[in-house]
Amino acid sequence: MKRRAFLLETARYVAGMAAMATLPSLDAGGFARAAQIQSDVRRLHTERPALDTDWGQLDCYLVRPDDTAPHPGVVVVHDKLGLTPHFEEVTRRLALDGFVALAPDYASRFGGTPSERGPALETVGMETRSDMLADTQLALSWLKSSGISNGKIGAVGFGLGATAIDDLVTKGTDLDGAVIFYGHPPSITDAGTIKTPLLLNLAGKDQFVDPEIPAFVDLVRQKGLKAEIFSYENTERGFDDDNDGVH
């Protein structure tokens, strides 16, 4: 599959941050192939921390290399179907690449991500944009202050999760790098304030996002923002998901 670069001012992210660009398998597959990295991989340590909030507890999936060395942290922000097995696997992939990876579940406020598509869409859809931002900020803060990372923190968001990343980087959140998969770029109204290096991976056949890219590219050039954008030809939203295109 060809990858076409649009630009730009190339940024140097946290150590290994660019490895996130290779997360998708770029290969259509069925549910049986989804769990490429099993949850019991001996090189990994997994936990399910629940972070205290003013409304209850934010359930998360945490995976880190099974050693005592310091590692950069990354928050994994899921798409509209919630914290599915696919996104748990994405979290494990990042841990295998040397990150302490934390995936919050946006459906925590409503009992957690349902296992079926319809209820999952409905439940995750109940989360407001401000709630998404607050939950993601909490996850980032916890990861940075918990002592399990080396203090370098990035974020990767998919589809709906990209919206939370947009809000994070335009509101001055302290991130060392952010990666967006098939999500809208930050609004050009707010993007001029961005200090975080960005890496965008886009679907080449995305009728919703593609029209926004030229204006964003122009802004990046005008403002000298640190950003890199790739478009994967002949792909649609959710191209990273092996679960039979469930996005």
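Quick caveat, the model's predicted, so the values are computed rather than measured. Worth knowing before you read on, the calculation uses all heavy atoms, side chains too, and leaves out hydrogens, waters and symmetry mates.
- Looking only at distances, no side-chain donor or acceptor of D59 sits under 3.5 Å from a matching main-chain atom of G112.
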Kindly indicate, with the supporting measurements, whether the criterion salt bridge (Lys or Arg N to Asp or Glu O under 4.0 Å) is fulfilled by R48 and E88. CA-CA 11 Å; R48 293 190 180 274; E88 291 185 354; 3.1 Å; yes
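- Between V76 and L102, the closest side-chain pair of non-hydrogen atoms is not below 4.5 Å.
- Side-chain atoms of D79 come within 3.5 Å of backbone atoms of L160 as a donor-acceptor pair (strictly under, hydrogens ignored).
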Walk me through whether E47 and R64 qualify under salt bridge (Lys or Arg N to Asp or Glu O under 4.0 Å). CA-CA 9 Å; E47 300 177 35; R64 55 185 173 84; 3.6 Å; yes
Step-by-step salt bridge (Lys or Arg N to Asp or Glu O under 4.0 Å) determination, K152 to D176: CA-CA 6 Å; K152 293 288 187 179; D176 292 283; 3.8 Å; yes
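- Counting only distance, with no hydrogens or angles, the side chain of D131 and the backbone of E127 share no donor-acceptor pair below 3.5 Å.
- Remark: side-chain polar atoms of S108 are not paired, donor with acceptor, to backbone N or O of P104 under 3.5 angstrom.
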Would you list the atom pairs, donor with acceptor, under 3.5 Å between side chains in residues 189-198 and any protein atom, with sequence neighbours excluded?
{"from": "T193", "atom 1": "OG1", "to": "T170", "atom 2": "O", "distance (Å)": "3.3"}
{"from": "T193", "atom 1": "OG1", "to": "D190", "atom 2": "O", "distance (Å)": "2.8"}

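- No donor-acceptor pair closer than 3.5 Å links the side chain of T173 to the backbone N or O of V169.
- Environment of CD1 in I188: sparse, with no more than 12 heavy atoms of neighbouring residues, nucleotides or ligands closer than 6.0 Å.
- For the 3.5 Å distance criterion, the side chains of D135 and Y106 fail to qualify, holding no donor opposite an acceptor.
- The 12-atom threshold is not exceeded at CD of E122, counting heavy atoms of other residues, nucleotides or ligands nearer than 6.0 Å.
- H71 places no side-chain N or O within donor-acceptor distance of the main-chain N or O of S149, the cut-off being under 3.5 Å.
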